[in-house]
Amino acid sequence: MASRRAAEEMIADGRVEVNGEVAVLGRRVDARRDRITVDGTPVGTDPGLVHYLLNKPAGVVSTASDPQGRPTVTDMVPAEPRVFPVGRLDAATEGLLLLTNDGELTHRLTHPSFGVEKEYLAEVEGTPTAGAIRRLRQGVALEDGPTAPARVSLVAPGALRITIHEGRNRQVRRMAEAVGHPVRRLVRTRIGPLRTGTLGPGEWRPLTQVEVRELEKAASASSPRLARRARPHDR
Ligand code: URA
């Protein structure tokens with residue numbers, strides 16, 4: 001993440017920790033086992049880790065296998081090393097999905113206490129009124145509890161941009177339904193710092209080291225207290 005000289009400065013400035021202890025110059029680490037952070041953000045040091053960003057088409061399921069024989073997201077990326085989706089999109093939902101063998105990052109992105117922002121474009125039935133949009137923003141009552149405040153805007157008649165940081169089952173569909181505007185089409189257009197860009201439906205690309213770091217930072221930013229707490233390496 002930095003030149004040798006810059007890394008030494010970071011260490012000298014006390015910004016680097018190894019397994020929760022402030023690192024000292026010359027200390028040896030095992031890149032596979034030790035947990036290294038800079039300013040509380042983990043540094044990806046394991047060369048065996050892969051991270052893919054997939055633009056999932058509708059009709060593809062987010063599980064590793066499907067009893068109904070539908071195509072799965074893991075069919076759309078390289079088979080080796082084996083990767084798993086980070087959270088889920090409904091079969092009918094399109095858009096961005098991360099797949100990785102990075103258990104640490106998966107935990108950080110899916111644990112309820114982190115909550116990286118996810119942005120969706122929802123085509124809905126009818127055109128929500130200002131009142132309906134306000135309700136979506138403030139939080140609507142769902143059977144598993146009220147939703148947290150969300151950013152919601154009407155981008156065209158019948159089209160909402162909705163940004164949430166929870167990841168409850170079918171959340172956007174249930175929110176829209178709760179205010180009387182069932183979703184017709186749902187596309188996830190952003191996960192934290194990652195946007196669709198030029199990735200067409202069914203296409204995937206590996207994340208760059210910088211993007212992995214930005215994602216980790218986004219997860220840390222959403223829960224600084226937890227993110228800074230040293231946890232045992234659990235891969
Ligand atoms: N909200 C939904 O309703 N479905 C998804 O797939 C993702 C978020």
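Whatever order the structure lists ligands and atoms in, that order sets their numbers, starting from 1. FYI, side chains are in, hydrogens and waters are out, and symmetry mates aren't considered; it's all heavy atoms of this structure.
Nearest non-hydrogen protein atom to atom 4 (N) of ligand 1 is Asp90 OD2, 2.7 Å.
Within the model, atoms CG of Leu98 and CH2 of Trp204 stand 13.0 Å from one another, a figure rounded to the nearest 0.5 Å. In this structure, CZ in Arg70 is found 7.5 Å from OG1 in Thr63, a value given to the nearest 0.5 Å.
Between Leu160 and Leu121, every side-chain heavy-atom pair lies at or beyond the 4.5 Å cut-off. The shortest side-chain heavy-atom distance between Ile191 and Val86 does not fall under the 4.5 Å cut-off.
Residue Leu89 approaches ligand 1 through these ligand atoms, each under 4.0 Å from one of its heavy atoms: 6 (O), 7 (C). Using a 4.0 Å cut-off to heavy atoms of Tyr120, the atoms of ligand 1 that qualify are 7 (C), 8 (C). Interface of Thr93 with ligand 1, defined as ligand atoms under 4.0 Å from a residue heavy atom, comprises 4 (N), 5 (C), 6 (O). Ligand-side atoms of ligand 1 in range of Gln171: 1 (N), 2 (C), 3 (O), range being under 4.0 angstrom from any heavy atom.
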Item to check | Derivation and outcome, salt bridge (Lys or Arg N to Asp or Glu O under 4.0 Å), residues Arg151 and Glu119 | outcome: CA-CA 9 Å; Arg151 280 211 301 282; Glu119 184 180 285; 5.5 Å; no

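Residue contacts with ligand 1, taken as heavy atom pairs separated by less than 4.0 Å, do not involve Val183 at all.
Between the side chains of Arg173 and Thr93, at least one donor N or O sits under 3.5 Å from an acceptor N or O.
Nearest-residue assignment for atom 1 (N) of ligand 1 (options Leu97, Val187, Val172; heavy-atom criterion): Val172.
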